[in-house]
S.K.: 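My questions all concern the structure below.
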Amino acid sequence: MSEYNPAAIEPKWQKYWIENKIFKTDDTDRSRPKYYVLDMFPYPSSSGLHVGHPEGYTATDIIARYKRKKGFNVLHPMGWDAFGLPAEQYAIKTGTHPKITTKENIKRFREQLQSLGFSYDWDREVDTTDPAYYKWTQWIFLQLYKQGLAYQSSVAVNWCPELGTVLANEEVIDGKSEVGGFPVIRKPMRQWMLRITAYAERLLDDLEEVDWPDSIKEMQRNWIGRSVGADIDFRVSGHDGTGNQGLARKKPDHEDVIRVFTTRPDTLFGATYMVLSPEHPLVDVITTPEQVDVVKAYRAGAANKSELDRTDLNKDKTGVFTGGYAVNPCTGKDIPVWVADYVLMTYGTGAIMSVPGHDERDWEFAVKYGLPVVEVVKGGDVSKAAYTDTDDGIVVNSANDEVSINDLPVAEAKVKITNWLEKKGLGEKTVNYKLRDWLFSRQRYWGEPFPVIFVNGEPKPMRDEDLPVTLPEVERYKPSGTGESPLATIEEWVNTTDPETGAPARRETNTMPQWAGSCWYYLRYIDPDYTEGPVSPEKERYWMPVDLYVGGAEHAVLHLLYARFWHKVLYDVGVVSTKEPFQRLVNQGMILGELEFTAWKDADGNYVPANALEPGVEYQPEKLSEEQIGKKGTDFVITGTGIVIDARSFKMSKSRGNVINPDIVVEKYGADSLRLYEMFMGPLEQVKPWSMKGVEGVYRFLKRVWRTFVDEETGKLRSEIADAEPDRDQLKIMHETIKKVTDDIEGHRFNTAISQLMIFNNEAMKWAVKPRGLMKTYIRLLDPFAPHIAEELWEMLGETEVLAYTEWPAYEEKYLQSDSMVIAVQVNGKLRASIEIPSDKVMDKEFVLAQARGNGQVRKYLDGVTVVKEIFVPGRIVNIVVRG
RNA sequence: GCCGACGUGGUGGAAUGGUAGACACGACAGACUUAAAAUCUGUUGGGCCUUAUAGCCCGUGCCGGUUCGAGUCCGGCCGUCGGUACCA
């Protein structure tokens, strides 16, 4: 071999690593520190790996290879999140069992990942669809059940007739299904729910303990949505209010009392009407006979609204008067009770007190329906808009015989009025969360069956020894049409007996959502063959928590919140020893398609500048090539015309045709080039556009590295590589490179680490004598990034031990020094000269300043002026401040 | 609307408050070649001036501030992207 030929060396080393189990984790060694570096495992889709996958996977692989060299016992596994809708939809279309499709897809994914040279311990592969795996998913569900955290509920869920299934909120986008874009309506069904709300406070508090990006923590906080306020009871007018004393506190749906939640108890005196959600049980009690028809019609309308309609109607609030009144506990006045669907039954108590003076929604509604607006916080003009400032506002018009909160700032007023309410038994301080319980069942075939049977219609959890409950073989995968899963149609599976008593029983036909398997897979990697539980306690204690978790930001909220929830439950039942599963989290940025240039044409075929497009008008896009465009100011234009065009990158998608297949890249440039390019593109966390030219750039770099070591004429190691003593300059750049690459890997700045590897090679290419020791050090630095070429060159250097476990080089400070340093000289902050100072003098302020003043360029600026001040930054810069 | 991230050459991007543009792509010029590819060498933010590869001015979305010194810190705008949305 003479030229750099990745197609030859990459398969060779991949085979070697796998056959010799080079990256198998030693699970008997407890003497070394551990490092658990985890990727978000992929859903093995039929379309194969996407260039987005290897981005995070390369980053973690670099870390894993680096940590091994640093002496850590590294756990770096991979597996498959293989339940999911696409396999089931394919089965419906073709009749192919999802198991078969899944198996094929996994095989393809595994081959693709192995062709990229990732250093996974393949003996720890997990597959969420494997009964040996989902046995423990079911077991964990039973723990939740036993903790009272799983319950059934009939809830109005997102029913999608086209998909024949119920969707979670997160699968509905703008009132349409995320998959396929079909309409979604609301339909009540029996569902399993998980009481994640019981863990809301801990999920919020423990974010303090993890090393995650602030933005992700903030997103989780917003999702949990903690708000502090008060529950307040309003007596229904015309009722005697017996329920208003003490008893009502425990019975919020007492028929005499409307309980509301508010974050603004300070505005209670300004509550001029109330609103119940259409689903609120008290609507029937309160509605007067005259209003029954109109209320009934309104509720029916609200119930039939799809999510899309609800979104559309956001701008225009609607509601009807019930005819009933309630009593404002502060003013003692009767206020009307309305029904409106801008109040949600699923948040707070499903009822609100309306303070139109100080809440925008209430203001809008009050103006529309002619309800009174009262000012109780001074600072705005409530006849024009609601005044919602809580920092500067001062409470007014808020006193009765017993209490006054007038003249207090909002925060103090809240405390005082809440205390008064508590004393009177009319209300209390409360905390509410936006977070809802987790809808945990799907009407699908391809998911984990619930380990639950129904005996005489009552749910009964199965015993541990009866797990797993496996999926039956079926003939057809079509939804039953009733909304139940296809499992409901398989009589011989559904009808069973209670293994404990032999009594006839029916199986649960719902299956678990895809999130289930991914909630705990990181534990199974630790001990994939353990049969006594999800993971053995000893190994769990050694390996947990995950030290570094890398994946896409699209999982910032849901997957990470669900997994944290399960982990805390497992912590409570003693299965795991850490409160949080993922100590450090990094989100890789999305990789976009190549930059595209688009010009726009109107109906007549004339170009319209991109900055003059009018909304609502249809334009024809025209894709332009790079030769057709120029730059004018900050805009891109069609060459010679001044017509502004759009220049941007788009998310890769099949429909746009800008998807890059990693196989093609590997075939043409090799896995090392793909890995290197994905890291060289820019910071890991950032969104970045793909560029094939960029791939060629790193490919050329690897070719140059090859030629630094290999004589292409002979195919042998270059004769310049010799057992010679390195000179001072060589040592300097070597140690600079060690320092930079080490620091940058630790800081996940892979792009600048690679840039330093390039700088070293550019230098080393010029050396007439290349000291063998330095060249070997360089290979060890290159190895985490481009392991195949590194391994090959390592072998050519005569080494027999595999590179993976060689020691990471250390730099020495003394080699970083040079004889002299260049110091910048500024006058009044402007650079005027650069002077060279011997290294042993750079700390000598007087010497350096004297040199600076004496410099010919500098002197010009010192003539005839007064030196006011001299700034001296050792080794960096001097700044002479002058006046005159 | 709210929350978050980000605005630096033709492009991707570098830059502990201390010489803006490292490294790479592209482009241009040259070498090698019958030619092309590959490879190598040089130039490459804009402008002024010059024999000069000496020097000068401008320049990190816009406006202002702090500082001897700001891409970096602070305040206010504008724009792009992501998340979220009647959450009381």
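What you are looking at is a predicted structure, and each value in this text was computed from that prediction instead of being measured. Order of the sequence lines sets the chain letters (A, B, ...), proteins ahead of strands, with each chain counted from 1.
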S.K.: What interatomic distance, in whole Å, is found between C1' of rA31(B) and the corresponding atom of rC25(B)?
M.R.: 22 Å
S.K.: Taking only the side-chain nitrogens and oxygens of R707(A), find out if one of them lies under 4.0 Å from OP1 or OP2 of rA38(B).
M.R.: no
S.K.: Answer yes or no: is there an ion pair linking K368(A) with E364(A), defined by an N-O contact shorter than 4.0 Å?
M.R.: no
S.K.: Ignoring the backbone of D341(A), work out which of rC40(B), rC86(B), rC68(B) is nearest its side chain.
M.R.: rC86(B)
S.K.: Rounded to whole Å, please give me the gap between CZ in R259(A) and C1' in rA88(B).
M.R.: 16 Å
S.K.: Identify whether any heavy atom of E685(A) sits under 4.0 Å from a base atom; if not, whether one sits that close to sugar-phosphate; answer base, sugar-phosphate or nothing.
M.R.: nothing
S.K.: Please measure how far the P atom in rG30(B) lies from the corresponding atom in rA37(B), and state the result in whole Å.
M.R.: 14 Å
S.K.: Just to be sure I understand the rule, does T263(A) reach a base, reach only the sugar-phosphate, or reach nothing, if contact means heavy atoms closer than 4.0 Å?
M.R.: sugar-phosphate
S.K.: If you compare every side-chain N and O of K317(A) against the phosphate oxygens of rC86(B) (OP1, OP2), does one of them come in below 4.0 Å?
M.R.: no
S.K.: Could you give the distance separating rA20(B) and rA15(B) at their P atoms, to the nearest angstrom?
M.R.: 16 Å
S.K.: Just checking V822(A): base, sugar-phosphate only, or nothing, at a heavy-atom cut-off of under 4.0 Å?
M.R.: base
S.K.: Taking atom P in both rA70(B) and rC74(B), what distance in whole Å separates the two?
M.R.: 16 Å
S.K.: Where the side chain of R876(A) is defined as all heavy atoms beyond and including C-beta, which of rU19(B), rC56(B), rC25(B) is the nearest nucleotide?
M.R.: rU19(B)
S.K.: Just checking R832(A): base, sugar-phosphate only, or nothing, at a heavy-atom cut-off of under 4.0 Å?
M.R.: sugar-phosphate
S.K.: Tell me whether rG75(B) sits syn or anti, counting syn as a glycosidic angle within 90° of 0.
M.R.: anti
S.K.: Using a 4.0 Å heavy-atom cut-off across all strands, classify V873(A) as base, sugar-phosphate, or nothing.
M.R.: base
S.K.: Separation of D744(A) atom CG from rA22(B) atom C1', in whole Å?
M.R.: 12 Å
S.K.: Determine, for D233(A) against R259(A), whether the closest basic-nitrogen to carboxylate-oxygen distance falls under 4.0 angstrom.
M.R.: yes
S.K.: Between S227(A) and rA88(B), is there a contact of a side-chain N or O with OP1 or OP2 at under 4.0 Å?
M.R.: yes
S.K.: For the P atoms, the ones on rA22(B) and on rG42(B), what distance do you get once it is rounded to whole angstrom?
M.R.: 15 Å
S.K.: Taking the P atom of each, how far is rA14(B) from rC73(B), in whole Å?
M.R.: 15 Å
S.K.: Among rC40(B), rA22(B), rC3(B), which is the nearest nucleotide to the side chain of E218(A)?
M.R.: rC3(B)
S.K.: To the nearest Å, how far apart are M758(A) CE and rG12(B) P?
M.R.: 17 Å
S.K.: Between rC58(B), rA88(B), rU19(B), which nucleotide gets closest to the side-chain atoms of I352(A)?
M.R.: rA88(B)
S.K.: Would you say Q686(A) places a side-chain N or O within less than 4.0 Å of OP1 or OP2 belonging to rA5(B)?
M.R.: no
S.K.: Among T737(A), D744(A), N761(A), which residue satisfies the side-chain hydrogen bond (donor to acceptor under 3.5 Å, both in side chains) criterion with Q756(A)?
M.R.: T737(A)
S.K.: Mind checking if Y677(A) touches a base, just sugar-phosphate, or nothing, with heavy atoms under 4.0 Å?
M.R.: nothing
S.K.: Please classify the nucleic acid contact of P683(A) as base, sugar-phosphate, or nothing, using heavy-atom distances under 4.0 Å.
M.R.: sugar-phosphate
S.K.: Classify K434(A) by what it touches in the nucleic acid, base, sugar-phosphate, or nothing, heavy-atom distance under 4.0 Å.
M.R.: base
S.K.: We want to know whether Y677(A) and T58(A) form a side-chain donor-acceptor pair, criterion being a heavy-atom distance below 3.5 angstrom.
M.R.: no
S.K.: Say you pick atom P in rC63(B) and the same atom in rU72(B); how far apart are they, in whole Å?
M.R.: 13 Å
S.K.: For F701(A) and rC25(B), give me the distance from atom CZ to atom C1', rounded to whole Å.
M.R.: 15 Å
S.K.: Rounded to whole angstrom units, what separation is found between the CG atom of L831(A) and the C1' atom of rG55(B)?
M.R.: 13 Å
S.K.: Ring pair (Phe, Tyr, Trp, His ring centres under 6.0 Å) for Y699(A) and W706(A)? Distances and angles first, verdict last.
M.R.: CA-CA 11 Å; Y699(A) 176 59; W706(A) 183 262; over 10 Å; no
S.K.: A quick test of your reading: do over 12 heavy atoms of other residues, nucleotides or ligands sit less than 6.0 Å from CD of E201(A)?
M.R.: yes
S.K.: Does a donor on one side chain and an acceptor on the other come within less than 3.5 Å for Y298(A) and T318(A)?
M.R.: yes
S.K.: Considering just the side-chain nitrogens and oxygens of N762(A), establish if one lies under 4.0 Å of OP1 or OP2 belonging to rA24(B).
M.R.: yes
S.K.: In terms of the nearest nucleotide of RNA chain B, which residue is placed more toward the 5' end: A553(A) or L595(A)?
M.R.: L595(A)
S.K.: Check whether any side-chain N or O of K217(A) sits under 4.0 Å from OP1 or OP2 of rC3(B), and answer yes or no.
M.R.: no
S.K.: Say whether, by atom type as modelled, one donor and one acceptor occur between the side chain of R675(A) and the main chain of F785(A) under 3.5 angstrom.
M.R.: yes
S.K.: May I ask you to say what R704(A) touches in the nucleic acid, namely base, sugar-phosphate or nothing, with a heavy-atom cut-off under 4.0 Å?
M.R.: sugar-phosphate
S.K.: May I ask you to say what Q826(A) touches in the nucleic acid, namely base, sugar-phosphate or nothing, with a heavy-atom cut-off under 4.0 Å?
M.R.: base
S.K.: Mapping E696(A) and M219(A) to their closest nucleotides on RNA chain B, which lands nearer the 5' end?
M.R.: E696(A)
S.K.: Does OP1 or OP2 of rU39(B) have a side-chain N or O of K703(A) closer than 4.0 Å?
M.R.: yes
S.K.: Are Y342(A) and rA85(B) close enough that a side-chain N or O sits under 4.0 Å from OP1 or OP2?
M.R.: no
S.K.: Would you please confirm or rule out a distance under 4.0 Å between OP1 or OP2 of rG26(B) and any side-chain N or O of R700(A)?
M.R.: yes
S.K.: When you compare rG71(B) with rG17(B), how far apart are their C1' atoms, in angstrom units rounded to a whole number?
M.R.: 11 Å
S.K.: Is any side-chain N or O of N751(A) closer than 4.0 Å to OP1 or OP2 of rA14(B)?
M.R.: yes
